[in-house]
Amino acid sequence: MQYDVIIAGSGPAGASTALHLAHIAPEVAQRTLILEKAQHPRPKLCGGGLLQDGEFILRRLGMDVAEVPHVEVKEAHFRFEGRGFFIARQPVSFRVFARDLFDKWLIDTARKRGIALREETRVLKVVPHNAGVTVETNNGTYTARAVVGADGSLSAVRRAVPGTRTGHTARLLEFYIPPEHTPATDQDKGIFDYKVIGQGVQGYVWDFPMLIDGRPARNRGIFDLCMYDTPRQDLRPVLRQAIAQDGIDPETYPLLSHPIRWFDPADSFAAPHILLVGDAAGVDPSYGEGISFALGYGELAAHELKSAFAQNDFSFTGYKARILNSRMGVILKRRRNLAAMLYGIRTPNIQRLIWWRLNFLLKWYVENFLIDWAK
Ligand SMILES: Cc1cc2nc3c(=O)[nH]c(=O)nc-3n(C[C@H](O)[C@H](O)[C@H](O)COP(=O)(O)OP(=O)(O)OC[C@H]3O[C@@H](n4cnc5c(N)ncnc54)[C@H](O)[C@@H]3O)c2cc1C
């Protein structure tokens, strides 16, 4: 069957593109198909922290995240060698979801709104041509006027977009502390600890509350942006050492890894008949926030698709400007600049100056210039 749009991947970016299409261009949505390599509910390695920006976007679609079980994090603490600042937003600083449940809720809602989904179908190759695009999968070949690459950091669709940057992926390791080993304290606090910058990591270790089978657990991990071409540390011993003071050996628990592709305004985000969204396009470099940005990309892509069908022009030459000039694009650029500054400073005394003495400035900047972009 010939589709109007094929969306590769049904994480937040793919689901958001579909939900926004159903909202603003129902005639296109009716002829849209999502191809997903896995089957929902499928595991997705993630801290699961959703800032209010994600909620704002979903609320405009008539969706309430309260429908999905989650932990409310009241305080987000940012620190370097024990000192820094914390942010306490109302009603919550962020919410932590199990991604299998959150993503299933998103895609189930898209299905209820008329979007077709084909699971266990992996996109292998995308070939654009004059009339549209051919999508080769393990389950047959599909054609459409446009394809949306929402297939994550290791995107297959991205390979068909000329001029995309290589590298640009952060390394992450994550593990879960099960409920039986989780202390009952601090279930409303999330911690970002930047002390590992001193060990050559361009990032931080995190400690988030989470739910496993509805019971309090912890989610811990390490983020290394890999923006600068410095020797790559082995993250396992760095993580082990960073959390040893809490009496935890991460080797006790299965340690999992997955990259995050980060945003670069000089990157390519589209080609004729192809759009990239979410991790496939690049998300926040400052601390790897990706869920709300994936939702935001979906909104922009749906508007781009709507005008492409209205004008019968699938060159998508304006998509990059649409991203960069959007409120989301402006924030992504700011976060990239902050990351370049923060992770470029390898002198511990200057880091201490920033975190210990200028922490009020950093807090003010984060609260006023880096969040609430989707309000
Ligand atoms: C360890 C870790 C912790 C993180 N913690 C947070 C956090 O706390 N908060 C936050 O905001 N962000 C976090 N992120 C980032 C966040 O997970 C991503 O930015 C977000 O999931 C991006 O959404 P997406 O829809 O673009 O991609 P994904 O969520 O990766 O979804 C891609 C979908 O495409 C499917 N797919 C992949 N390849 C193909 C293919 N070839 N064909 C068909 N389907 C395919 C996948 O199965 C998946 O369903 C974290 C990431 C990692 C790795």
Side-chain angles (χ1 to χ4, degrees), residues 6-18 33-54 70-71 73 76 94-100 102-104 106-107 117-126 135-139 142 147-160 169-176 190 192 203-210 219-224 235 239 255-263 276-298 301:
I6 286 179
I7 300 173
S10 64
S16 171
T17 308
L33 173 68
I34 307 182
L35 301 175
E36 165 59 53
K37 71 173 182 186
Q39 186 170 26
H40 287 280
R42 56 100 180 84
K44 164 71 184 101
L45 193 67
C46 184
L50 181 72
L51 272 80
Q52 287 189 49
D53 287 303
H70 63 271
V71 185
V73 177
F94 62 96
R95 299 177 199 270
V96 180
F97 294 88
R99 281 291 302 275
D100 54 346
F102 182 75
D103 290 14
K104 184 173 184 331
L106 288 178
I107 207 66
L117 168 72
R118 194 150 302 155
E119 295 176 303
E120 296 182 332
T121 304
R122 179 191 286 268
V123 172
L124 302 172
K125 196 174 172 194
V126 165
V135 179
E136 295 172 17
T137 78
N138 61 332
N139 238 337
Y142 300 80
V147 66
V148 178
D151 48 346
S153 292
L154 304 172
S155 170
V157 178
R158 187 179 162 89
R159 289 200 286 272
T169 47
R171 303 181 296 163
L172 293 92
L173 291 179
E174 184 179 77
F175 69 97
Y176 307 134
F192 302 78
Y204 62 92
V205 286
W206 77 83
D207 179 5
F208 290 178
M210 68 179 296
N219 177 318
R220 310 221 32 179
I222 185 165
F223 168 88
D224 184 14
L235 294 182
L239 177 60
L255 206 53
L256 300 164
S257 70
H258 193 76
I260 298 180
R261 178 169 301 286
W262 43 266
F263 170 84
L276 298 177
V277 292
D279 275 9
V283 296
D284 164 43
S286 67
Y287 62 99
E289 184 195 348
I291 306 172
S292 58
F293 290 107
L295 296 171
Y297 269 112

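Remember, it's 1-based here, ligands and their atoms both numbered in the order they're listed. Predicted model only: the values in this text are computed from it and were never measured.
- Considering both main-chain and side-chain atoms, A8 never comes within under 3.5 Å of ligand 1 through any nitrogen or oxygen pair.
- For ligand 1, the atoms closer than 4.0 angstrom to any heavy atom of G288 are 12 (N), 13 (C), 14 (N), 15 (C).
- With V283, D279, T137 as candidates, the residue nearest to atom 19 (O) of ligand 1 on a non-hydrogen basis is D279.
- For atom 32 (C) of ligand 1, the nearest non-hydrogen atom from the set A280, G9, A150 comes from A150.
- A centroid separation of less than 6.0 Å is found between the aromatic rings of F208 and F94.
- Residue V96 does not touch ligand 1, judged by heavy-atom distances below 4.0 Å.
- Taking the six-membered ring for Trp and thresholds of 30 and 60 degrees, Y204 and F192 have ring planes inclined between 30 and 60 degrees apart.
- Between D103 and R42, the closest heavy-atom pair is OD2-NH2, 2.7 Å.
- Atoms of ligand 1 found under 4.0 Å from any heavy atom of G278 (numbered from 1 in listed order, with element): 26 (O).
- Close approach of ligand 1 to F208 (heavy-atom distance below 4.0 Å) involves ligand atoms 8 (O).
- The closest protein non-hydrogen atom to atom 3 (C) of ligand 1 is G47 N, 3.1 Å.
- Proximity of F223 to ligand 1, defined as any heavy-atom pair under 4.0 Å, is not found for any part of the residue.
- Between S153 and ligand 1, no N or O atom pair is found at a separation short of 3.5 Å.
- Under 4.0 angstrom from ligand 1, the non-hydrogen atoms of L172 all belong to its side chain.
- For ligand 1, the atoms lying closer than 4.0 Å to a non-hydrogen atom of L35 are 43 (C), 44 (N).
- Scanning the protein heavy atoms around atom 30 (O) of ligand 1, the nearest turns out to be K44 CE, 3.4 Å.
- Between the side chains of T137 and N139, no donor-acceptor pair of N or O atoms lies under 3.5 Å.
- Not a single heavy atom of Y297 sits less than 4.0 Å from an atom of ligand 1.
- Closest heavy-atom contact between D100 and P41: O-CB, 3.9 Å.
- Between E36 and ligand 1, a contact under 3.5 Å exists for at least one N or O pair.
- In terms of protein heavy atoms, atom 8 (O) of ligand 1 is closest to G49 N, 2.9 Å.
- Regarding atom 25 (O) of ligand 1, its nearest protein heavy-atom neighbour is A13 N, 2.9 Å.
- The closest protein non-hydrogen atom to atom 52 (C) of ligand 1 is L45 O, 3.5 Å.
- Both the backbone and the side chain of K37 come within 4.0 Å of ligand 1, counting heavy atoms alone.
- Residue A294 has at least one heavy-atom neighbour below 4.0 Å for each of these atoms of ligand 1: 23 (O).
- Applying the 4.0 Å criterion to heavy atoms of G11 picks out, from ligand 1, the atoms 25 (O), 31 (O), 33 (C), 49 (O).
- Within the structure, ligand 1 has G48 among the residues with a heavy atom less than 4.0 angstrom away.
- Distances between N or O atoms of G290 and those of ligand 1 include at least one value under 3.5 Å.
- What sits closest to atom 42 (N) of ligand 1 on the protein, heavy atoms only, is V123 N, 2.8 Å.
- Of all protein heavy atoms, the one closest to atom 39 (C) of ligand 1 is D151 CB, 3.6 Å.
- Residue G152 approaches ligand 1 through these ligand atoms, each under 4.0 Å from one of its heavy atoms: 27 (O), 30 (O), 32 (C).
- R99 NH1, 3.8 Å is the protein heavy atom nearest to atom 16 (C) of ligand 1.
- Using a 4.0 angstrom heavy-atom cutoff, N219 does not count as in contact with ligand 1.
- Using the six-membered ring where Trp is involved, F97 and H70 have ring planes that are tilted, between 30° and 60° apart.
- For the pair P12 and ligand 1, the shortest N or O to N or O distance falls below 3.5 Å.
- In terms of N/O distances under 3.5 Å, ligand 1 is approached by R42.
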